[in-house]
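A short write-up of the structure that comes next.
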Amino acid sequence: MDLQTLLVSKLNYWIFVILMIVGIWAIMSKNNLIKKIMGLAIFQAAVILFYVSLASKEHGTDIPIYPHDLIHPEHHGEVDHHVEEDSAKAHGAYEKHETAHHEEEHVKHSDDHDAHAEKDAHHDTHGDHQEAAHGVAHHDAHAPIADSINADDFNNPLPHVLMLTAIVVGVATLGVGLSLIQRVYRIYGSIEENEILEAIQNASDDGLTLQPEEEAAAQQE
Amino acid sequence: MKVFQTIIAVVLGALLIYAEADFPAWASSKSPANAGELSQYYIKNIYDETLVPNMVTAVLADYRGYDTLFETVVVFTAGLAIFAILGTGVMREKKTAVPAPKRIYSEPPFDLIVRISTRMLVPVIQLFALYVLAHGHHSPGGGFQGGVILAASFIMLELSSDLRAEAAKLTHRMSIWLGIIGIVIYAGWGTLSLFFGGHFLDYDMLQALFPLDPLMARSHSMLIVEVGVAFTVSSIMLLIFRQLVSGGYSIPDKQA
Amino acid sequence: MLQHAPVIHLLAPFYAAIIICIAGMWRKETAYPIAVTALSLSLLSAVATLIKVGIAGPVIYAMGGWSAPFGIHFHIDALSALMAVLIQVVALLTAIHSRHPIHSSIGEKSYLYYPLFLLFVTGVTGICQTADAFNLYVLIEVSALTSYALIAMGEKRSVHASFNYLLVGSLGATLYLLGVGYLYLKTGTLNMQDLNFIMTTRELFSTPTIQVALILLMVGLWIKMAQFPFHGWLPNAYTWAPSPSAALMGPLMTKVMVYVMIRFMISVYGLDAIVDSMWTTWVPYLAIAGIVYGSLMALSQHYLRRMVTYIIVAEIGYMVGAAWLATELSITAAFYHVISDALMTLALFLCIAAMRVRHDIRSIHDMENIFKKMPITMVAFSIVALSLVGIPPTSGFISKWYLISAGIDAGHWPYIIALLLASFANAVIFFRIFEIGVFGKKPAEGHHHEESHDKKYLSEAPFSMLIPCLVISASIILLGIFNQPFIEMISTTISSISGGEVLQ
Amino acid sequence: MENMQSNLPLIACLISLGAVLPICLFGEKRRNLREASTILAGILKLSVVCMMVPLIAGGKVLNFTFIEIVPGIELAFKVDRFGIIFALVASSLWIVTSIYSIGYMRGLHEHAQTRFYAFFAVALSTTLGVAFAGNLLTLYVFYELLSMSTWPLVTHHQDKEAREGGRKYLTYLLGTSVGFLLPAMIFCYLKSGGNSLDFSQNGFVSSFVNEPTVAIVLLLLFVFGFAKAGLMPFHSWLPGAMVAPTPVSALLHAVAVVKVGVFCIIRVFTGVFGIEFLQELDIGQIVSYIAAFTVVVSSLIALSQDNLKRRLAFSTIGQLSYIILGISLLNVYGITGSMTHIAMHAFGKITLFFCAGAIFEATGKKYISEMVGIGKRMPITMIAFFIGAMSVIGLPFAGGFWSKFYLVWGTIANEQPVLLITFLASSLLNGAYFFPIVFKAFFCKPEESLFEDKIEEAHPAAVIALSITAIGTVMLFIFPNPLFDLAKAAATQFLS
């Protein structure tokens with residue numbers, strides 16, 4: 001395929017690659033500790049961009065939420081209606097929620113996986129899921145909407161979930177990194193890598209200086 | 001020395017580009033990830049199984065609830081870690097290149113306009129934060145976003161006025177307490193379902209607690225879990241901000 | 001309650017961390033007992049799971065009650081159960097050991113130290129049990145963050161070492177995350193069993209994405225396990241960390257990453273995909289470089305802690321080299337070495353910490369006739385030393401036996417020669433220590449003197465540090481003699497996984 | 001040849017290990033109790049071994065299995081005739097050495113005697129472990145433990161050369177055992193399809209090795225792997241170990257270490273490869289030429305040594321190569337000769353070492369040039385020295401004669417003129433480096449005649465010990481048949 005389609009049809013991956021190169025390069029060659037941390041943040045941002053761009057579809061909505069009319073077809077007046085619904089009815093249909101101790105769970109799993117083997121057989125296990133959903137006692141106001149949804153209208157939710165976690169982890173790492181930098185600055189007086197290494201070199205006996213608490217402890221011995 | 005790094009970065013870039021040729025086109029709904037069995041199932045069945053219109057919150061809090069639990073643990077750990085690194089014991093460090101500052105913060109420029117406007121804005125922001133937290137089922141939002149906006153409101157308040165006064169109101173021990181409450185809500189709710197015979201974090205079992213059908217039990221437990229997350233995230237983000245700003249010195253804490 | 005055992009030994013340390021955070025704010029001394037009881041409880045439940053796995057085969061625990069690819073799963077087979085037990089044992093013994101050093105060095109922060117300690121154990125146990133690739137990333141980050149803080153509470157230089165570790169560690173974890181992303185892009189699922197199933201049914205192994213995914217995953221994991229070219233962070237991190245953190249992370253962090261590598265090699269990619277991915281030709285040479293480098297550097301060190309870190313780098317070379325010979329025997333050997341080396345590293349760190357606390361011994365030259373001063377600790381130390389050299393009755397010999405037989409079986413002679421050279425280097429290292437330890441520095445004052453045997457001279461390590469040393473060195477010998485059940489369990493699991501039938 | 005389960009071999013091994021406890025407990029303060037417990041343990045051990053002799057002579061094989069370490073192999077003892085000969089030699093000489101070391105250590109007021117006796121006892125228990133080993137793995141386990149337990153004995157003096165000697169000792173023994181022996185053993189284990197490495201009648205190597213080149217490489221790996229046998233390229237740890245106190249070098253040379261090396265090589269020849277297999281492939285020749293080379297060269301070096309103990313060390317290297325030469329002849333006489341030579345050389349050489357130690361203790365002299373006219377001052381020691389020398393040279397009236405006779409007979413039976421010449425030449429060389437010492441001791445007058453001719457013997461305990469062993473050497477000459485019957489029966493059993 002010629003370069004033009006390659007470039008346009010995969011624009012997001014190109015940006016992701018460039019960001020990653022910048023990130024890695026910054027981490028490795030920058031001298032200032034803060035810049036290294038920024039490089040790490042760029043690197044993580046690149047991975048997040050990769051995941052999120054993965055999830056988009058041509059005409060899918062950017063945030064996968066069911067439109068209001070689809071969920072509540074008629075007016076939502078009788079909210080209290082489903083409360084009297086006997087909720088215990090036909091609960092068992094939810095095969096994955098019955099109180100499955102391992103063996104059954106085990107058995108269920110192997111069927112699930114055998115189902116994987118044949119594509120078509122696969123389809124009807126999902127069919128069971130839907131019938132199971134049907135059977136579940138829920139207020140009749142909410143008819144199962146599974147089959148009335150065209151999957152291509154909605155973006156894939158999974159990468160968004162994963163990246164929510166990755167962003168939070170990135171923030172946590174950033175926080176700890178910055179606190180370490182502060183402590184390094186206080187101990188060595190600088191946050192330039194080369195100056196720190198010099199300070200370590202001419203520290204009295206190469207870093208064997210005791211922490212104040214340890215000195216106190218050593219004297220006690 | 002820079003040459004070596006650039007070579008490595010370029011090699012990594014080349015490696016990624018080599019794989020890129022094999023990628024599906026951007027935003028193609030036929031790509032294995034989007035057309036895969038997993039995402040198709042999620043899109044089709046989320047509402048039927050959890051009564052939560054926002055698919056992301058459903059997957060986040062219910063299908064992959066264990067992931068989110070450990071995500072909250074990561075936030076809490078970051079708070080603990082920063083507190084351990086910069087926290088109380090540091091003050092007695094004598095042999096340091098940079099002596100402990102006499103004055104903890106520079107006095108923020110007293111500016112009446114800034115103080116008054118922030119004092120007006122903060123309640124609105126906090127209300128919006130609670131809205132984002134509570135409305136996470138129906139619109140983009142949820143525990144993390146709500147918690148962060150809440151923390152942002154506190155930080156704005158601190159930035160605008162004297163940090164030390166604000167710190168006195170919500171000491172670092174209090175923020176750790178809030179973090180703990182958040183995690184206990186989340187993990188406790190998950191362990192609760194153990195006692196009702198389900199697996200860990202299986203909200204379905206909890207419909208025995210409420211006179212609701214399992215679907216409503218699921219969506220409500222998701223809300224409770226989101227509240228737990230909000231607690232932890234807001235308090236820990238505030239703790240991180242305060243530690244970083246004061247470098248661990250200022251905490252007017254009786255116990256330090 | 002047994003049905004929930006896999007979760008119990010995950011939650012016990014987790015809840016203990018929370019309780020310590022609360023209780024610690026008022027009375028610091030409650031932290032230690034809570035930690036020890038929680039870890040012993042989780043050890044019991046880990047052993048229960050191991051027995052259950054031994055009898056009933058792999059245990060599947062669905063998180064949140066969702067079936068396979070949709071929810072997150074625990075897939076606990078013999079490998080993960082053994083790792084879980086190993087982690088709890090190492091954590092319990094380090095917790096018992098940590099009472100004295102923590103009290104003396106960072107006493108008032110103990111209510112922060114133990115929660116981080118226990119959260120690290122939770123993260124690492126979770127890594128060993130989860131069957132979900134992304135969940136593994138989150139747990140790696142949990143254990144990584146706690147280890148940055150645990151290291152930074154040590155001596156002055158530990159802060160800078162911890163920062164380097166943070167940078168390199170997060171880089172590695174993010175590369176792993178990208179690798180999982182590539183796998184997800186191609187297969188659409190995150191569950192390890194499902195990944196393998198889809199990759200085999202659609203013959204994706206030869207596609208460039210999956211190949212690059214393998215490179216990213218492996219480079220990420222090698223960075224985290226300090227395999228040779230990426231080991232820069234390890235020596236400083238574990239040398240200046242407080243001794244209980246080094247004793248906790250030395251044996252666990254790197255070995256769990258080796259377990260993750262083996263898990264990805266056999267459960268996700270499958271042995272035949274690995275073999276025809278031509279990696280098995282060059283990776284053992286990388287491992288050999290690691291072994292040679294680690295041994296030589298260990299020889300040249302005279303700071304004890306630093307020497308042990310380089311021995312860890314060499315041992316990682318053993319495991320990676322054996323794993324990448326990609327035969328069932330070699331992966332069994334690699335996994336057995338994971339267990340025996342974890343015990344050996346822990347014993348080394350515990351003995352060195354005991355020597356440091358009692359006689360402030362930091363380098364080899366301070367260890368003058370230490371055998372008279374601390375006879376019991378030094379007996380434990382010499383057992384570990386003999387095990388590292390590979391003297392028969394110990395587990396070190398058995399793992400060397402299996403590693404060499406794997407080498408011969410795969411016909412990879414350079415690997416065998418590297419192994420023998422490394423064990424010889426270990427011999428030189430430890431007998432140099434024995435020489436100074438047993439015979440002292442200056443020659444005996446002439447032939448005609450009777451050296452004094454008075455009591456003052458003998459000052460053993462505190463009781464709470466001595467017991468873990470003895471228990472560990474005893475277990476090294478026992479693991480050496482009664483190794484058959486472990487080997488049996490490991491080899492059947494590996495052959496069943498790589499034997500084609502995807503055990504669900 | 002029926003097998004019999006019994007835990008006698010285990011008890012024999014554990015007795016000396018058990019003795020370590022009382023030795024350490026009594027320690028320096030109650031030295032006599034400590035020495036008493038060592039000797040008591042020695043006597044007990046000898047009695048248990050003697051209890052086993054009638055059973056084994058009656059054709060039984062005692063075995064005891066402990067635990068399966070590697071699939072297919074257990075830590076097992078299997079005591080046969082050859083094992084019991086070596087066990088007898090080791091345990092009897094331990095008692096004598098303990099008596100001797102009481103005299104020597106106290107005479108010289110040596111330091112750290114508790115450590116000495118403790119490690120001595122451990123070394124003996126590992127030696128018996130090797131003697132009774134039932135398969136190659138158990139042999140290797142105890143072989144390594146023996147190197148570990150004898151290392152502190154070699155570096156006993158803690159001074160510069162002692163450490164050098166210790167380092168050399170370890171580098172050679174550990175290097176060769178981990179370098180050659182372990183891979184060879186694992187190779188056999190893997191190639192033989194994982195079944196056990198037991199010393200079977202005609203060896204298990206024949207099952208998987210057919211072309212001779214692999215067999216030769218494997219055999220050389222084993223032969224050089226057991227560096228304790230002191231074959232030429234890996235022999236220099238032995239003279240290096242002379243820095244140790246004399247009872248240790250006595251133990252090293254006569255009782256435990258080198259004898260274990262040679263014992264293992266014979267086990268490899270008979271149990272691992274099997275004599276018929278070696279004869280068929282005819283690869284015994286190579287080993288015999290290496291051994292012959294070692295014999296001649298070591299005897300020549302011994303001539304040039306002035307330090308008495310170094311000369312004895314090189315003569316030991318020569319005598320050990322006799323034994324290897326004997327076994328590589330692969331015929332009945334060769335094997336019987338080599339087995340009996342272990343016992344004969346043990347008694348002969350231990351006497352020589354005791355005398356060397358006594359001379360050093362009494363007069364402080366180490367060098368042969370200083371020992372002119374010493375016979376008048378220490379008559380008993382020098383007579384014992386003469387008897388020991390006769391046994392090592394192989395002259396009648398001393399045990400060495402019979403075993404050398406069988407070895408020579410073996411070379412004639414094989415029509416090996418070259419080996420025959422080496423035997424005779426080396427006997428001449430032995431004479432050449434022993435007789436001058438004896439001659440100068442008795443018949444020459446010391447120039448500076450500062451010795452008044454009064455008898456000044458070493459510590460009584462030392463003198464008793466060396467006279468016992470001298471008498472033992474002569475006894476072995478007069479009543480050789482119990483030993484030789486055992487050896488012949490073992491040899492025929494190996495060959496059938």
Side-chain angles (χ1 to χ4, degrees), chain A residues 20 23-24 27 33 36-37 39-40 43-44 46-47 50-51 54 94-97 100-103 105-106 108-110 112-113 116-117 156 158-159 162 165-166 169-170 172-173 176-177 179-181 183-184 186-188 196-197 200 203 206-211 213-214 216-218 220-221, chain C residues 3 56-57 59-62 65-71 103-108 134 137-138 141-142 144-145 148-149 152 154-157 159-160 162-163 166-171 173-175 177-178 180-181 184-185 190 193-194 197-198 201 236 239-240 303 357-360 362 502 504:
Chain A
M20 274 198 82
I24 279 245
I27 290 176
L33 295 188
K36 280 179 185 277
I37 284 274
L40 184 70
F43 187 75
Q44 281 169 347
V47 173
F50 167 78
Y51 264 83
L54 206 60
Y94 246 89
E95 89 282 355
K96 68 170 78 55
H97 305 312
H101 49 69
H102 282 285
E103 281 62 32
E105 181 72 40
H106 209 72
K108 190 50 63 200
H109 268 289
S110 38
D112 223 13
H113 250 279
H116 271 301
N156 178 2
L158 192 57
L162 304 182
T165 315
V169 162
T173 320
V176 173
S179 65
L180 281 171
I181 291 176
R183 188 78 189 284
V184 163
R186 194 175 304 136
I187 293 173
Y188 297 107
I196 294 170
L197 291 180
I200 290 176
D206 184 28
L208 277 182
T209 50
L210 280 173
Q211 279 252 313
E213 302 88 356
E214 273 189 76
Q220 285 162 16
E221 286 328 299
Chain C
Q3 172 214 1
V59 167
I60 314 292
Y61 190 90
W66 298 102
S67 58
F70 311 118
H103 176 67
S104 64
S105 63
I106 35 176
E108 79 283 357
F134 183 79
Y137 167 71
V138 175
E141 279 304 324
V142 167
L145 269 171
Y148 305 144
E155 297 175 26
K156 269 158 68 92
R157 279 195 54 187
V159 181
H160 183 246
S162 168
F163 179 76
L166 180 136
L167 265 186
V168 176
S170 322
L171 192 71
T174 318
L175 280 178
L177 176 64
L178 191 62
V180 169
Y184 176 70
L185 177 76
L190 287 170
Q193 253 68 34
D194 227 18
F197 182 79
I198 290 175
T201 43
N236 277 335
T239 313
W240 310 114
Y303 285 137
V357 163
R358 190 53 87 202
H359 297 281
D360 192 24
R362 292 223 189 93
V502 175
Q504 201 16 294

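Taking the side chain as every heavy atom from C-beta outward, A/Ser179 and C/Tyr148 never approach each other to under 4.5 Å. Put simply, the side chain of C/Trp240 does not reach to within 4.5 Å of the side chain of C/Val159, judged on heavy atoms.
Atoms CD1 and NZ, on A/Ile200 and C/Lys156 in that order, are 10.5 Å from each other to the nearest 0.5 Å. Interatomic distance, OH of A/Tyr51 versus CG of A/Asn156, reported as 12.0 Å (0.5 Å rounding).
With a 4.5 angstrom heavy-atom cutoff, A/Ile196 touches chain C only via side-chain atoms. Proximity to chain C (any heavy atom under 4.5 Å) is shown, for A/Leu33, by both the backbone and the side chain. In this structure, the portions of C/Ser162 lying under 4.5 Å from any heavy atom of chain A include both its backbone and its side chain. Heavy atoms of C/Leu190 lying under 4.5 Å from chain A belong exclusively to its side chain. For chain C, the nearby parts of A/Val184 are the backbone and the side chain; heavy atoms of each come within less than 4.5 Å.
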Give the intermediate values and the outcome of side chain to side chain contact (heavy atoms under 4.5 Å, CB included) for residues A/Leu162 and C/Leu177.
CA-CA 10 Å; A/Leu162 304 182; C/Leu177 176 64; over 6 Å; no
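Chosen from A/Val169, A/Ile27, A/Ile37, A/Ile24, the residue pairing most often with chain C at heavy-atom distances under 4.5 Å is A/Val169. Annotation: maximal heavy-atom pairing with chain A below 4.5 Å, among C/Thr201, C/Leu171, C/Val138, C/Val180, occurs at C/Leu171.
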